[in-house]
Peer 1: 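After the C-alpha cells below, expect a handful of questions from me.
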There are 2 protein chains.
Amino acid sequence: MTQTRRERLRETTFAEIKSVARQQMAEQGTAAISLRAIASQMGMAAPSLYNYYKSRDDLITALLIEAFNSLADTLETASLAIPTKNGGEKLFAAYLAYRDWALRNSTDFSLITGSPIPGYHAPENITTPAAKRIMGLFQLLWREACSQNQFIIPAEYTEIPDGLRQQLEAWKEFEGNYLPPAVLHLLLASWAQAQGMVSLELYGQLRNNLKEPFEFYQFEIRSLLKRVGLSVQNN
Amino acid sequence: MTQTRRERLRETTFAEIKSVARQQMAEQGTAAISLRAIASQMGMAAPSLYNYYKSRDDLITALLIEAFNSLADTLETASLAIPTKNGGEKLFAAYLAYRDWALRNSTDFSLITGSPIPGYHAPENITTPAAKRIMGLFQLLWREACSQNQFIIPAEYTEIPDGLRQQLEAWKEFEGNYLPPAVLHLLLASWAQAQGMVSLELYGQLRNNLKEPFEFYQFEIRSLLKRVGLSVQNN
DNA sequence: AGGTTAAACTAACGGCGTTAGTTATTTAGA
DNA sequence: TCTAAATAACTAACGCCGTTAGTTTAACCT
C-alpha cells in the first residue's frame, strides 16, 4: 500500500483545491466558488482542475460531504463527551453545538441546508448517507433521553393522527430503530426548530427583534427539553 | 394624472420583465435570473434592461419585495377571512397558509429566506419594512389569541431569563405593541418552527423520513397551539 | 416643425464553466 | 536502463454572464 510519489502529490493537490475553495467560500460567500479563481490562487490554469474534479458541481459535492461530516463530528464530540449519564444534558449540548457550528461555519451550513448555489443540486445518493449520520446521532441521543425516568411525552403528543403515525412507523422500521412515534416526531420537530432558529439568525431575519439570539435559542431548546421532563443545568 | 403613452408602455415593460424573470426563476431555479435570458425571451437586447433596473441586483430586489407582499397578502386573507372569533383558528390558518404559500411559490420562499443568489445581498432598508408587515400580522394574530380566555402561557415559558426578557421588552417598546415577553417569545419560536419545517421539506431533507410532510406540519402546529390552550378544529 | 428626452440598439470588456488538443513529466514494464 | 503508457500540466477557444459606452430611432412637448 505504499503510495507512489505521484499519488502523494495528487492527494495534496486534492486537499489544496478543497482548502482554497473553502477559503474563498468563507471570504466571498457560498456562491463564489469559481474554478478560475481557485486555480489562479493556486498558480495553475483553470482547466487543470478537471484532472481532479470532473466539474464544478463535483467539487461542490466534495465540499458538501466534508461539511456534513464536520457537523456530525462536532455534534458527536459535543454530546458524547458529556461525562454525565443525563440524556437531557447530552441533547442540550448537541443542540447548542449545532447552532455554534452553523454560526462558525456559516457557508458550510448554507451548503448543507437550502439551495445555496446557482445551478447546483446535490446528488441524493451522496447527501442522503451523510445526512443519515447526523440523523442517526440524534436518534441515539433521543433514545438515551427516552430511557431517563424523568422523561415524559407531553400531553399534546400522546395522540398522533393515524396518517402521521403510519409514516413515522414506516420510517422506524426502515431505519431499524426503536423510538416510539411520539419521540420520532419530537426529534423531527426539534430539528426543524433548531434549524429554523439558526437560519433566522444567520440570514439576519432576527436582527430587528433580538440583539443576542443566543439567549433566545438557548431558552427555547431548554424549554423544549423541559417539556419532555428533562431539565438542564443553568450552565 | 393621465399617463402619457410612453409611461403606460414603460409600466407594462416593467411588469413584463418581472413576469419573465419570475417564470425563468420558477423553471430553472432562483439563481437562474439572467438579464440576457430575460431580454432574449422578451425579444430585446440585454443592455436595454438597464433602462428599467440599474442592475441585476435591483431587479432581484424588486422581485423580493413582491414576494414579501405576496406572502403577506396570502397570510392576511387566509387568517383575517376566518369568520370565527377564535384566535386559535386564525393563527392555525395563517401557519397553514405559510407552508402552502412556500410550497406553491418555492422560488419566492427561497428568495425571502436564506441567501439564495450568487452575489446578491438584500439591502436592509428595503427588506426590513416588508418583513415587518408579516411580523406585524403575526403580532396582531397572537394578540387576538392572547385575549381568548382559554389562552395560557405554558409552564416552561413562565420564567424567562433576564437577558432574554430585556431583549423582548426592548423590541416590544420599539414596535409599539403590547404583547408580554412570553408571547413574543412564542411568536418567534413558532415562526422559527414553521420556517424550519417548511425548509426541511422544501429542500428535501425530510424525504427519507416522511412521505407526506403536511401531516407532520399540521400536527406540530396544532400541538403548538394546544400547548397555549388553543385547540383547533379537526378540519 | 423642431428640439428634447427616453428607449432601443451594437460593440466591447472582463468574468465564468467547460472542451479540445498539445506538451512535458512521472511511472511501469521489457 | 531504455521505452511506451499514463498522468498532469498547459494554451486556445466556445458560449454563457453582467455591465459600460456610444449611437440611433422613436416619442413627447412647445
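Order of the sequence lines sets the chain letters (A, B, ...), proteins ahead of strands, with each chain counted from 1. Nothing here was measured: the structure is a model prediction, and the numbers come from that model.
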Peer 1: What is the distance, rounded to the nearest whole Å, between atom OH of A:Y50 and atom P of D:dA13?
Peer 2: 19 Å
Peer 1: My understanding is that only residues two or more places apart in sequence, or in another chain, count here; which of them pass salt bridge (charged side-chain N to carboxylate O under 4.0 Å, His left out) with A:E201?
Peer 2: A:R99
Peer 1: With sequence neighbours excluded, what pairs up with B:S19 under the side chain to side chain donor-acceptor pair (under 3.5 Å) test?
Peer 2: none
Peer 1: Got a sec? Which of residues 9-24 of chain A come in under 4.0 Å of DNA chain D, heavy atoms?
Peer 2: A:R10
Peer 1: List in chain and number order the residues that pass ring pair (Phe, Tyr, Trp, His ring centres under 6.0 Å) with A:Y98, two or more places apart in sequence or in another chain; answer none if no residue qualifies.
Peer 2: none
Peer 1: Run the side-chain contact (heavy atoms from CB on, under 4.5 Å) test against A:N69 and tell me which residues pass, sequence neighbours left out.
Peer 2: A:I65, A:R133
Peer 1: In whole Å, I'd like the distance from the CG atom of B:D57 to the C1' atom of D:dC17.
Peer 2: 14 Å
Peer 1: Does A:S48 make a side-chain N or O approach to OP1 or OP2 of D:dC10 shorter than 4.0 Å?
Peer 2: yes
Peer 1: Considering every strand and a 4.0 Å limit on heavy-atom distances, what is the contact class for B:L49: base, sugar-phosphate, or nothing?
Peer 2: nothing
Peer 1: Side chains of A:L111 and A:M25, heavy atoms from C-beta outward: is any pair under 4.5 Å?
Peer 2: yes
Peer 1: Run the salt bridge (charged side-chain N to carboxylate O under 4.0 Å, His left out) test against A:E124 and tell me which residues pass, sequence neighbours left out.
Peer 2: B:R207
Peer 1: Using a 4.0 Å heavy-atom cut-off, does A:L59 contact any base of the nucleic acid, only the sugar-phosphate backbone, or nothing at all?
Peer 2: nothing
Peer 1: Does D:dT7 have OP1 or OP2 sitting under 4.0 Å from an N or O in the side chain of A:Y52?
Peer 2: no
Peer 1: From CE of A:M44 over to C1' of D:dC10, roughly how many Å is that when rounded to an integer?
Peer 2: 10 Å
Peer 1: side-chain contact (heavy atoms from CB on, under 4.5 Å) with A:A37: which residues, sequence neighbours excluded?
Peer 2: A:Q24, A:S34
Peer 1: Check every nucleotide of DNA chain C for an atom under 4.0 Å from a heavy-atom of chain B, then give the first and the last such nucleotide from 5' to 3'.
Peer 2: C:dT5 to C:dA12
Peer 1: Determine which pairs satisfy ring-ring contact (aromatic ring centres under 6.0 Å, His included) with at least one residue from residues 58-79 of chain B, sequence neighbours left out, and list them in order.
Peer 2: none
Peer 1: List in chain and number order the residues that pass salt bridge (charged side-chain N to carboxylate O under 4.0 Å, His left out) with A:R165, two or more places apart in sequence or in another chain; answer none if no residue qualifies.
Peer 2: none
Peer 1: Using a heavy-atom distance cut-off of less than 4.0 Å, which residues of residues 35-43 of chain B contact DNA chain C?
Peer 2: B:R36, B:G43
Peer 1: Taking A:Q167 for the side chain and B:L210 for the main chain, is one N or O donor matched with an acceptor at less than 3.5 Å?
Peer 2: no
Peer 1: Using whole Å, report how far CZ of B:R8 lies from C1' of D:dC28.
Peer 2: 13 Å
Peer 1: Can you list everything that forms a side chain to side chain donor-acceptor pair (under 3.5 Å) with B:S190? Sequence neighbours excluded, please.
Peer 2: B:Y95
